[in-house]
Amino acid sequence: MKIKIIALDFDGVINDSVYECYLLTLEAFNKMGGKLEKSKELEKNFRKARAFVISAYDYHFISMAIQHERKDFGKVTVKEFDKLREKYNKGKEEFFNNFYKARKDWRERNMKKWVMANKTFPQASDFKRISRKYKTLIATTRDKESALLLLKEKGFDYKESGMLSREDGTSKTEHMKKIMGRFSVKPGEILFIEDMFESAKKTNAMGVKAVLVSWGYSNQAQRDKAKKMGIPIIKNDKVFEQIEGLL
Ligand SMILES: [Mg+2]
């Protein structure tokens, strides 16, 4: 089946938001009585924990597990992470609200600094070329406003109509269904480029041609698993050519 639409995840594929999320998490968590202090070691552990994050709730579980158990997220499995989700369920709503409020406040207070806390992956230039040549959409679980702002800052030309965001659904499977409806395409006609194993797995299961990038926030164990399931892995360089090879 011929690919008609390329859907691009944003955080972990184009935008490296891990530092921004780390700072927001500290602010949101400590506001509700948490005692995490900024350090290089904490930042490193946070980056490893990012492999399990599906929504901002997960930053609450990560913070709790670090504060109360000194959890090292280099050694955690998906199953163990699910247990942390149950164990530290209390307080997650307050955290979630604090997190998004902190992001909004930061953006309003100092937009330039907020933008700078979001780095750009070097592969972004390949995605610019892809989006100029092929029908491409952004599929992000981030809020529309901040995604559009960051895309513009990074030199991407996307309008609201070219994007699926948190407002369109909190999972990538919901986004794929919306794309199918909006553009009258079959799942097999969508190529979805993602950095998170769980999302690649779930969209792949619905018939979408999901691929996983080797940068971003998945870990090696997750990429190995994806490969075994037949999900292609995009290597770090010549990304444009690799994607064209999948069309
Ligand atoms: Mg991502």
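In listed order, ligands and their atoms are each counted from 1. This chain uses plain numbering: 1 for the first residue, then up along the sequence.
Under the ring pair (Phe, Tyr, Trp, His ring centres under 6.0 Å) criterion, His60 pairs with Phe95, sequence neighbours left out. In this view, Thr136 satisfies the side chain to side chain donor-acceptor pair (under 3.5 Å) rule with no residue, not counting sequence neighbours.
Pairs of residues two or more places apart, or lying in two chains, that qualify as side-chain hydrogen bond (donor to acceptor under 3.5 Å, both in side chains) and include a residue from residues 119-131 are Thr120-Lys154.
By the 6.0 Å and 45° rule, Lys48 does not stack over the aromatic ring of Phe73.
Tested against Asn15 for a side-chain hydrogen bond (donor to acceptor under 3.5 Å, both in side chains), the candidates Thr140, Asp9, Asn118 yield a single pass: Asn118.
Here the protein contributes Asp9 OD2, Asp11 O, Asp195 OD1 as N, O or S atoms under 2.8 Å from the Mg ion (ligand 1).
Of all heavy-atom pairs between Ile193 and Ile243, the closest is CD1-CD1, 3.6 Å.
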